[in-house]
Amino acid sequence: MSASERYLTLNSRDLRLELEELYAAYTACLDEERFEEWPEFFVEQCLYKIVPRENFERGLPLATWLCESKGYLADRVTAIRKTAVYAPRYMRRMVSGIRVLGWKERVLEVRANYVALETLQDELTRVFNTGQYRDKLVVVFDSLLVPNSLIYPL
Amino acid sequence: MSASERYLTLNSRDLRLELEELYAAYTACLDEERFEEWPEFFVEQCLYKIVPRENFERGLPLATWLCESKGYLADRVTAIRKTAVYAPRYMRRMVSGIRVLGWKERVLEVRANYVALETLQDELTRVFNTGQYRDKLVVVFDSLLVPNSLIYPL
Amino acid sequence: MSASERYLTLNSRDLRLELEELYAAYTACLDEERFEEWPEFFVEQCLYKIVPRENFERGLPLATWLCESKGYLADRVTAIRKTAVYAPRYMRRMVSGIRVLGWKERVLEVRANYVALETLQDELTRVFNTGQYRDKLVVVFDSLLVPNSLIYPL
């Protein structure tokens with residue numbers, strides 16, 4: 001079965017449900033700090049950027065995070081594990097408003113809103129950050145969706 | 001095909017997915033400040049109200065916003081564009097808990113929770129407002145759903 | 001039709017949609033303070049616990065709430081109605097990231113993130129609490145899902 005045939009048979013309802021599952025798995029991985037599993041959501045030649053909205057809207061290229069391959073993502077995880085020194089905290093991510101913008105060959109363009117909530121020890125939970133996932137997902141033949149790039153933040 | 005036939009064939013699973021898409025499109029329109037497109041989510045004879053929960057629960061008619069036609073919504077957008085003077089900020093809306101309460105002819109009664117998050121320049125993101133969408137949606141024959149009224153806030 | 005046959009015929013897409021509806025109904029019941037209806041989401045021999053994440057991760061058994069039967073839940077509701085003295089406030093719950101971990105006989109293991117937002121009179125809305133629903137749901141033959149236990153908070 002070719003990619004184009006798959007494209008024709010994957011209807012929008014099934015797709016929306018697969019995306020819900022993908023984002024649920026993705027955020028659970030991060031919420032639970034299973035960082036070593038996180039690069040597995042990406043293809044080898046991926047692009048991961050966190051860009052402040054103001055920079056993004058002005059077309060400024062400055063990114064808070066920039067990883068241009070899966071190996072780079074793994075390096076960042078190693079760095080977090082080895083060097084990060086910060087107060088213990090819990091993060092929890094909520095996702096809403098998943099939208100499929102369109103397809104181009106095997107790549108699916110998707111948007112979704114997220115909010116990350118942070119809880120420091122003995123403090124009240126607060127909003128850490130909110131933003132939009134701007135994802136290009138590579139559709140793999142066995143029907144799994146793998147995020148190829150996460151441009152604008154988290 | 002008549003409206004009632006459509007009602008009979010539109011099953012609850014497809015409906016829930018269409019509602020997810022509708023709210024994703026609606027909130028994206030507002031988050032991205034595409035205000036000129038916003039009235040297009042409404043029918044001509046619509047009713048759009050933002051009512052504080054306390055007023056709503058006491059049956060008080062006082063509304064923060066009240067627009068009784070699509071033309072009125074467009075006027076509000078013009079007013080926002082021409083006169084609004086406020087510090088630059090970004091808003092992001094999350095929606096959860098979509099519930100279909102029932103049908104009456106071609107009108108679908110729906111509830112959903114929302115939270116709007118606000119980010120002012122050089123400040124941390126904070127909760128702007130939370131509330132419930134109390135919508136009456138007109139089901140159009142081509143299967144699009146158009147919100148007819150948004151009563152209780154945002 | 002036996003439980004195992006039902007398990008075989010209930011596909012993951014229908015299941016996800018049923019879970020979305022269940023959590024929407026559950027949170028609406030609490031948001032609207034219909035507390036008397038709340039125990040109806042549980043089976044007789046249920047377990048309802050609210051556990052701080054820190055305790056949970058350390059394996060400490062201390063729970064903020066612990067109810068070991070549906071009758072106990074009803075008692076708690078009576079206590080809330082009769083004795084609770086606190087400033088008037090509104091709560092609103094958002095749910096995201098529903099994940100089905102697996103089945104064991106008629107019991108479905110599910111995770112979901114929630115955030116509860118609190119609005120006190122004449123104050124801005126704030127994050128009250130965030131956490132994870134860790135639910136064991138009993139699948140009833142008529143296809144309704146009933147939460148059997150809510151372990152980690154709210």
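The sequence lines fix the lettering, A, B, ..., with proteins before strands; numbering per chain opens at 1. If you're wondering where the values come from, they're calculated on a predicted model, not measured in any experiment.
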Chemist: If you count every heavy atom of other residues, nucleotides or ligands that lies below 6.0 Å from Glu57(C) atom CD, does the total exceed 12?
Modeler: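 Buried by this count: over 12 neighbours within 6.0 Å.
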Chemist: Give the member of Asp31(A), Val115(A), Leu124(A) that has the highest number of heavy-atom pairs under 4.5 Å with chain C.
Modeler: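 Option with the top pair count is Asp31(A).
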Chemist: Between Ser96(A) and chain C, which part of the residue has a heavy atom less than 4.5 Å away: side chain, backbone, both or neither?
Modeler: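 Nothing of Ser96(A), per the 4.5 Å heavy-atom cut-off to chain C.
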Chemist: Minimum heavy-atom separation for Arg16(C) and Ala24(A), please, with both atom names.
Modeler: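 Looking at all heavy atoms of both residues, the closest pair is NH2-CB, 4.4 Å.
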Chemist: Would you say Arg111(C) and Glu32(A) make side-chain contact, with heavy atoms under 4.5 Å?
Modeler: no
Chemist: Which atom pair, heavy atoms only, marks the closest approach of Glu20(A) to Glu20(C)?
Modeler: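 That would be OE1-OE2, 4.0 Å.
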Chemist: Is the shortest heavy-atom distance from the side chain of Leu17(A) to the side chain of Leu17(C) under 4.5 Å?
Modeler: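 Yes, their side chains come closer than 4.5 Å.
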Chemist: With a 4.5 Å limit on heavy-atom distance, are the side chains of Glu54(C) and Tyr90(A) in contact?
Modeler: yes
Chemist: Just checking Tyr72(A): does its OH atom have more than 12 heavy atoms from other residues, nucleotides or ligands closer to it than 6.0 angstrom?
Modeler: no
Chemist: What part of Val95(C) gets within 4.5 angstrom of chain A, counting heavy atoms only: side chain, backbone, both, or neither?
Modeler: backbone
Chemist: In Å and rounded to the nearest 0.5 Å, what is the OG1 to CZ distance from Thr130(C) to Arg92(A)?
Modeler: 5.5 Å
